[in-house]
J.: 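Here's a structure for you.
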Amino acid sequence: MAPTLAEPFSDSSALIDFVINQGNGVKGLSEMGLEALPKQYIQPLEERMCMTNILVQESIPIIDMSNWEDPEVAKLICDAASKWGFFQIVNHDVPLEVLENVKDATYRFFGLPAEVKNKYSKEQSSSNNVRFGTSFTPQAEKALEWKDYLSLFYVSEEEASALWPPVCREQVLDYMKKSEVVIKQLLHVLMKGLNVNEIDETKESLLMGSMRTNLNYYPICPNPELTVGVGRHSDVSSLTILLQDEIGGLFVRGNQGDNWIHIPPIKGSLVINVGDALQIISNGRYRSVEHRVVANGSKNRISVPIFVNPRPTDMIGPLPELVATGEKPIYKQVLYSDYVKHFFRKAHDGKKTVEFAEL
């Protein structure tokens, strides 16, 4: 049966062919003007966002970074990382122009014809470090997520120049470079909060030895309440630095039960969250927290996270300094690349990945 706007793609193989194989992504579905959400995107009830579970009165901390070395500011950062796992920073050192440029570049990339974007797909990309895709792990998911992305793993300027899409390469590199100052400031403060006063080369590698930037595109969605932009998960990074646009839609789990807090967009701000690697390295003192993105029925949304990670070859586990003081380790040493593979092997499932490292 041919797809109609009211009942598109009843045949899953036709949908997979259109969305994944041809590189149209969910952007292609959105632009068809569908009246109904294809059934492959309908999430089970328990994974949909229930509006009654939103804590309207709660918000994550907003921290002014202009005097980041001030002990008061340092305390706010460490408290936010232990209590919430999320905070927003304002008056940081990444120029607004750099942020605006990378947002424009994101729109430029997703505005390319499907066949051009598809050159960067898993099947066609000349490197695993450059990947255009859709949803999260389509082959492992019972229901797909309403998101397209371009993922760029940084190896060197030379590789980026050779392999990254020209429409966004310079802007992403600039965003990563300019963010590095802020990343180092935050890690310095967070380590000091664990009484680790010196970040030597080994520790720097463990905390920020590799970086990946994603350009995320969440197009307008029919029946947005039936699906998700991104399902519940915590990041596998040490830290994630997220630039979001003015649309909103990112929710983080509150401290009590199944409650969710919206992270409102603030122009020029960056959202910072603790990833699983930092939770493990800090022996649970800093928390990676579940978050999710809702789909939007009226506006296209973009976001640009930088995932700051250990190197794939690093062993991650509680810092020796913490264990030396008699603190009982709650995580074992695991190879970071094994941890990441475990995350990407399955659909988003909340905080379950961290169990891989538990003693």
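Just so you know, these numbers come straight off a predicted model, no measurement behind them.
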J.: Please confirm whether the backbone N or O of L206 pairs with a side-chain atom of Y336, one donor and one acceptor, at under 3.5 Å?
T.: no

J.: So does N216 get a backbone contact from the side chain of N214, meaning a donor-acceptor N/O pair under 3.5 Å?
T.: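 Not a single qualifying donor-acceptor pair exists.
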
J.: Does F86 have its ring centroid less than 6.0 Å away from the ring centroid of H291?
T.: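 They qualify: ring centres under 6.0 Å apart.
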
J.: Indicate yes or no: does K75 engage D79 in a salt bridge with an N to O separation below 4.0 Å.
T.: yes

J.: Decide yes or no for V289 and N273: does some side-chain heavy atom of the first lie under 4.5 Å from some side-chain heavy atom of the second?
T.: no

J.: For L187 and M208, what are the C-alpha separation, side-chain angles and deciding distance, and is it a side chain to side chain contact (heavy atoms under 4.5 Å, CB included)?
T.: CA-CA 9 Å; L187 289 171; M208 55 179 294; 3.9 Å; yes

J.: Hydrophobic cluster membership, with links at side-chain heavy-atom distances under 4.5 Å among I/L/V/M/F/W/Y: are L186 and F307 in one?
T.: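 In one cluster with L186: F307, no.
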
J.: Just by distance, do the side chain of Y218 and the backbone of C221 share a donor-acceptor pair under 3.5 Å?
T.: no

J.: Test side chain to side chain contact (heavy atoms under 4.5 Å, CB included) on L163 and R169; report intermediate values, then the result.
T.: CA-CA 9 Å; L163 300 179; R169 177 200 305 137; over 6 Å; no

J.: If you measure from OG on S234 to CG on D276, what distance do you get to the nearest 0.5 Å?
T.: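 Nearest 0.5 Å value for the OG-CG distance: 3.5 Å.
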
J.: side-chain hydrogen bond (donor to acceptor under 3.5 Å, both in side chains), that's the test. Do T240 and S237 meet it? Break it down for me.
T.: CA-CA 6 Å; T240 303; S237 55; 2.8 Å; yes

J.: Do the charged groups of E100 and K267 touch, with an N to O distance under 4.0 Å?
T.: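 Judged by the 4.0 Å cut-off on N to carboxylate O distance, E100 and K267 do form a salt bridge.
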
J.: Count I, L, V, M, F, W, Y as connected when their side-chain heavy atoms are under 4.5 Å apart, and connections chain through other members. Are L270 and V98 then in the same cluster?
T.: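 In one cluster: yes.
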
J.: Is there a donor-acceptor contact under 3.5 Å from the side chain of N300 to the main chain of I220?
T.: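 Yes.
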
J.: Hey, quick one: are I281 and M211 part of the same hydrophobic cluster, counting side-chain heavy atoms closer than 4.5 Å, chains of contacts allowed?
T.: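 Result: yes, single cluster for both.
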
J.: Set out, in order, the CA-CA distance, both residues' side-chain angles and the distance that settles side chain to side chain contact (heavy atoms under 4.5 Å, CB included) for M65 and V90, then state yes or no.
T.: CA-CA 6 Å; M65 287 288 283; V90 294; over 6 Å; no

J.: To which residues is M315 joined in a hydrophobic cluster, defined by side-chain heavy-atom contacts under 4.5 Å among Ile, Leu, Val, Met, Phe, Trp and Tyr, whether direct or through other members?
T.: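 Other cluster members: L335.
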
J.: Tell me whether the guanidinium CZ or amine NZ of R292 lies under 6.0 angstrom from the six-membered ring centre of W260 and within 45° of its axis.
T.: yes

J.: Just list the side-chain donor-acceptor pairs under 3.5 Å for residues 104-113, sequence neighbours left out, or say none.
T.:
| unit_1 | atom_1 | unit_2 | atom_2 | d |
| --- | --- | --- | --- | --- |
| T106 | OG1 | V102 | O | 2.8 |
| R108 | NE | V167 | O | 3.3 |
| R108 | NH2 | V167 | O | 3.1 |

J.: Does a side-chain heavy-atom distance below 4.5 Å link P165 with Y120?
T.: yes

J.: Treating N24 as the side-chain partner and F18 as the backbone partner, does any N or O pair qualify as donor plus acceptor under 3.5 Å?
T.: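 Confirmed, N24 side chain pairs with F18 backbone.
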
J.: Under a 3.5 Å distance rule, please check whether T227 uses its side chain to pair with a backbone N or O of Y41 as donor and acceptor.
T.: yes

J.: Just how far is it from atom CD1 of I306 to atom CG of L152, taken to the nearest 0.5 Å?
T.: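 Separation between the atoms: 11.0 Å.
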
J.: Examine I62 and L239 and state if one hydrophobic cluster contains both, with Ile, Leu, Val, Met, Phe, Trp and Tyr joined whenever side-chain heavy atoms are less than 4.5 Å apart.
T.: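 No, I62 does not connect to L239 through the hydrophobic network.
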
J.: Test your reading of the model: is there a side-chain donor-acceptor pair from N223 to the backbone of L37, 3.5 Å cut-off?
T.: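 Yes; judged by distance alone, with no hydrogens or angles, the pair exists.
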
J.: Is the backbone of S13 close enough, under 3.5 Å, to the side chain of D17 for a donor and an acceptor to pair up by distance?
T.: no

J.: Parallel, tilted or perpendicular: which describes the rings of H342 and F356, with under 30° parallel and over 60° perpendicular?
T.: parallel

J.: Near K203 NZ, under 6.0 Å, is it more than 12 heavy atoms from other residues, nucleotides or ligands?
T.: yes

J.: Say whether Q88 and S269, considering side chains only, have a donor N or O and an acceptor N or O under 3.5 Å apart.
T.: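 The answer is yes; a qualifying pair exists.
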
J.: Return yes if a side-chain donor-acceptor contact under 3.5 Å exists between D235 and S288, otherwise no.
T.: no

J.: Is there a donor-acceptor pair under 3.5 Å between the side chain of Q279 and the backbone N or O of V274?
T.: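 No: the side chain of Q279 does not pair with the backbone of V274.
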
J.: Could you give the distance from NZ (K328) to CG (L322), rounded to the nearest 0.5 Å?
T.: 14.5 Å

J.: Between D314 and R311 (side chain of the first, backbone of the second, donor and acceptor by atom type, cut-off under 3.5 Å), is there such a pair?
T.: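 Yes; at least one donor-acceptor contact below 3.5 Å.
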
J.: List the steps and the verdict of side chain to side chain contact (heavy atoms under 4.5 Å, CB included) for I316 and Q333.
T.: CA-CA 5 Å; I316 60 167; Q333 297 282 331; 5.9 Å; no

J.: Could you tell me whether K178 and E97 make a salt bridge, using a distance below 4.0 angstrom between a side-chain N and a carboxylate O?
T.: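 Salt bridge: no.
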
